[in-house]
Amino acid sequence: MRLDITYRGPLASCNYDCDYCPFAKTFDDAATRAKDKLAIERFVAWVSSRQAKDSFRLLFTPWGEALVRSWYRQALVTLSHLEHVEKVVIQTNMSVAIDWLKQANLNKLALWITYHPSEISLADFVMKTQQLDRLGVSYSVGIVGTKENIPKAKALREQLHPEVYLWVNAYKDQLDYYLPDERDFYAQLDPWFHLNQQNYPSLNRECRASVTSLSMDGEGYIQPCHFVKQTLGNVYQQELHSLLNQHYLCPNQSCDCYIGYRHLSHLKLEKVYGDRLLERIPIKE
């Protein structure tokens, strides 16, 4: 089978202090770090063992910042060289040095990067993206679409390589948050901004979650996705294929996050992103 796995282990620490994030400047103690390291090493070993049975596209969505931990960098490098892993992607603030990427198979590894203006200067962030460009790393860049970030988003777009997709995470915590000109600005900056502005009705809508896509935690328990808290089983204790559904209808009223609604069949987001849904890079028109 060809399966998408979204992995999230115990790690919850972050080196940034963004005011909109509950994991800002959190700290994992030594025991948690050790548990997280063992978990990801076990995951890599399990993926490696599936070569004769499955092909994988893998997305790491840590609560905190994972690339500051050596075991995540090593995991990405190792997975990128496995024949049956088609793609490996991680969400990151990309605050770490990039030399480790030289060891990876860059035909398979990609980065989902978020720019946090309160934590890093624009000049330093753009310099990092230029280093990625020189290495030939595939990546997208995002920014939280607050009103305060409008001038920062404009400056970021002007300095990023023109081929790099800049996506905007719409701010949806407040009803009617945007004035018309603010909405128009972000829509011009990100041609697909309108997709992220919506909360999609999903109850009883067909979804790829638990069929060809699943969410997995550090202990091997799987759920349909991050937003459906229904444990299907444990891949370290049971055969993976026996835990999957042949057909699945979403049990939630709505879906408001990209890593969730990208699985909704009726949205047909593959027409926008092609084979790059995981790294959030649209097809070039």
Side-chain angles (χ1 to χ4, degrees), residues 1-11 33-62 65-92 94 96-113 132 135-140 208-226 232-244 259 262-263 270 273-281:
M1 290 186 67
R2 187 196 203 200
L3 293 167
D4 291 348
I5 297 180
T6 304
Y7 176 89
R8 178 177 286 159
L11 178 139
R33 295 196 302 273
K35 181 180 179 181
D36 187 65
K37 183 175 184 291
L38 288 174
I40 197 166
E41 289 172 347
R42 190 181 189 187
F43 174 70
V44 171
W46 176 80
V47 171
S48 301
S49 73
R50 302 290 301 182
Q51 181 167 352
K53 297 181 179 180
D54 300 300
S55 62
F56 294 108
R57 298 184 298 184
L58 308 173
L59 173 63
F60 290 83
T61 60
E65 176 52 43
L67 290 183
V68 297
R69 305 300 179 191
S70 62
W71 50 92
Y72 278 89
R73 301 193 297 270
Q74 184 57 56
L76 293 174
V77 169
T78 300
L79 291 166
S80 74
H81 287 288
L82 295 180
E83 183 178 349
H84 62 299
V85 172
E86 298 180 17
K87 188 188 303 288
V88 56
V89 182
I90 190 167
Q91 293 179 327
T92 177
M94 206 54 213
V96 298
I98 69 168
D99 286 350
W100 64 277
L101 285 162
K102 296 176 182 177
Q103 304 171 47
N105 180 352
L106 297 181
N107 293 318
K108 294 185 178 183
L109 189 147
L111 303 172
W112 164 324
I113 306 172
L132 296 174
L135 269 185
V137 179
S138 179
Y139 66 96
S140 65
R208 289 186 288 270
S210 84
V211 180
T212 59
S213 178
L214 55 92
S215 173
M216 182 170 169
D217 70 14
E219 296 182 357
Y221 290 100
I222 64 170
Q223 299 174 331
C225 77
H226 281 345
L232 302 173
N234 188 298
V235 300
Y236 301 143
Q237 301 169 9
Q238 299 156 274
E239 166 53 37
L240 171 63
H241 293 177
S242 70
L243 306 179
L244 300 175
I259 59 174
R262 65 191 170 96
H263 300 308
E270 63 276 5
Y273 297 96
D275 194 39
R276 309 187 85 179
L277 269 170
L278 269 69
E279 58 265 57
R280 203 171 180 173
I281 300 177

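Model, not experiment: these values are computed from the prediction. These values consider heavy atoms only, across backbone and side chains, with no hydrogens, waters or symmetry-generated copies.
Considering only heavy atoms from C-beta on, Leu67 comes within 4.5 Å of Met94 through its side chain. Arg2 has its side chain within reach of Arg57: a pair of non-hydrogen atoms, C-beta onward, lies under 4.5 Å apart. For the pair Ser140 and Arg276, the minimum side-chain heavy-atom distance is 4.5 Å or more.
A distance of 13.5 Å separates CG of Leu79 from CD of Glu86, quoted to the nearest 0.5 Å. In this structure, the separation between CG on Leu109 and CH2 on Trp100 is 5.5 Å, given to the nearest 0.5 Å. Interatomic distance, NE2 of His81 versus OG of Ser48, reported as 12.5 Å (0.5 Å rounding). One finds the CG atom of Leu101 at 6.0 Å from the CG atom of Leu111 (value rounded to the nearest 0.5 Å). The structure places CD1 of Ile90 at 10.5 Å from OH of Tyr7, a figure rounded to the nearest 0.5 Å.
The existence of a salt bridge linking Arg50 and Glu239 is confirmed by a sub-4.0 Å separation between a basic side-chain nitrogen and an acidic carboxylate oxygen.
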Q: Starting from the C-alpha separation in whole Å, work towards a yes-or-no answer on side chain to side chain contact (heavy atoms under 4.5 Å, CB included) for Asp4 and Leu59.
A: CA-CA 8 Å; Asp4 291 348; Leu59 173 63; over 6 Å; no
Q. Checking side-chain hydrogen bond (donor to acceptor under 3.5 Å, both in side chains) for the pair His226/Thr6: CA distance, chi angles, key distance, verdict?
A. CA-CA 8 Å; His226 281 345; Thr6 304; 5.3 Å; no
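Between the side chains of Thr78 and Gln74, a donor-acceptor pair is found at a separation under 3.5 Å.
Applying the salt bridge (charged side-chain N to carboxylate O under 4.0 Å, His left out) definition to pairs two or more places apart or across chains, those involving residues 100-113 are Asp99-Lys102. Screening residues 65-74 for salt bridge (charged side-chain N to carboxylate O under 4.0 Å, His left out), with sequence neighbours left out, gives no hits.
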